[in-house]
Protein chains: 2
Amino acid sequence: MKKSYTNGVEATLGIISGKWKPQLLCHLGNRPQRTCDLRQKLPTISQKVLTQQLRELEGDGIITRHISGDRAPFKVTYELTDLGRSLGEILVQMSLWGEHRASQVPDMEIVDGHGGFSRLLEN
Amino acid sequence: MKKSYTNGVEATLGIISGKWKPQLLCHLGNRPQRTCDLRQKLPTISQKVLTQQLRELEGDGIITRHISGDRAPFKVTYELTDLGRSLGEILVQMSLWGEHRASQVPDMEIVDGHGGFSRLLEN
DNA sequence: ATTGATGGTTACCAAAAGGTGCCTACTCCC
DNA sequence: GGGAGTAGGCACCTTTTGGTAACCATCAAT
């Protein structure tokens, strides 16, 4: 179904919002990852939701899905597209802004933030 | 209640996501606005949700609320804070990225986009 | 006295997003 | 033949988010 937005910000938000999408994009920003890698890095996500979020990102052209391995124990690998990489700059800025803001107020905390997007700067 | 995020992107998203927040921020980006101004510009938002979204933005330090007028027909004015203004750069980039993306694919459209955030560039 | 503008609240609903649990299917390994 | 690993589907439920409709209070104008 065709999605309508009233401005570009909403369009962008429609693509990157989702409970796990920022984290997925962060991990995929480093290198391509297999499904099981992602599950290890996001231990509390369910298989269903992981597949769902990845499918949405794929549908929006942010990542691609490769199946390698002729027979069963399939190796499914997800990887950023050029479009996905073009989001990097924005994500880094959002990350810095958010981290800075969280450091200012007591009612906002960033846990588990080992590196995060800031690391993407070191490319 | 204290909000936890795993990275800065989520923190930022937590502040700017909301069905009407991008539009509200866009209108407030130009100049302070009264409640009735905002209602005129967003004819389909309900009073409840308008108040709700504005209160959340206020709670996150993005806007301030001023009541002027000693007696009743109160004049309530909302205005970006410095923090809110510091979001501008990010919003403009998100807007440009989203507009560009929408122009590439047929299943994404931006309606009612007269100016939007791009106009904020002309400061 | 009633209507309208102003800005807001409350109780109740509906839709969307996410989560749980259980199932499939294949193959390798012991 | 019974796991374990791999990737995912499906039915169902809960939580979050947004929407509707009715209401309050105040003052000005008719």
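In what follows, chains carry the letters A, B, and so on, assigned in the order in which the sequence lines appear, proteins first and then strands, with residues in each chain numbered from 1.
Side-chain atoms of B:Q23 and A:N7, non-hydrogen and from C-beta on, do get closer than 4.5 Å to each other. Residues A:K21 and A:I15 fail the side-chain proximity criterion, which asks for heavy atoms closer than 4.5 Å. Contact annotation: the side chain of A:L87 never approaches that of A:L83 to less than 4.5 Å [non-hydrogen atoms, C-beta and beyond].
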Listing, residues 35-45 of chain B side-chain donor-acceptor contacts under 3.5 Å, not counting sequence neighbours, or none:
from	atom 1	to	atom 2	distance (Å)
B:D37	OD2	B:R34	N	3.0
B:R39	NH1	B:Q47	OE1	2.7
B:K41	NZ	B:Q33	OE1	2.8

Side-chain donor-acceptor distances from residues 102-109 of chain B under 3.5 Å, at least two apart:
from	atom 1	to	atom 2	distance (Å)
B:S103	OG	B:H100	O	2.6
B:Q104	OE1	B:R101	NH1	3.1
B:E109	OE2	A:S4	OG	2.7

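B:L13 places its CG atom 12 Å from the P atom of C:dG18, with the value rounded to the nearest Å. The separation between A:Q52 atom CD and C:dA17 atom P is 9 Å, rounded to whole Å. Per the geometry, CD belonging to B:Q33 stands 14 Å off P belonging to C:dT6, to the nearest Å. Distance, B:L50 CG to D:dG19 C1': 13 Å, rounded to whole Å. Atom pair A:E58:CD and D:dA7:P shows a separation of 15 Å (rounding to whole Å applied). Straight-line distance from the CD1 atom of A:I45 to the P atom of C:dG19: 7 Å, rounded to whole Å. We find that CD of A:Q40 is positioned 11 Å from P of D:dA7, with the value rounded to whole Å.
Contact between the side-chain N/O atoms of A:K19 and the OP1/OP2 oxygens of D:dT16 is not found at any separation under 4.0 Å.
Residue contacts for B:E56: at a heavy-atom cut-off of 4.0 Å it reaches no nucleic acid atom on any strand shown.
Ion pair B:K3/B:D60 flagged as a salt bridge, since at least one NZ, NE, NH1 or NH2 atom sits closer than 4.0 Å to an Asp/Glu carboxylate oxygen.
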How does protein reach along nucleotides 7-16 of chain C, written 5' to 3' as B (base within reach of a heavy atom under 4.0 Å), S (only sugar-phosphate), or - (no contact)?
SBBBB-----
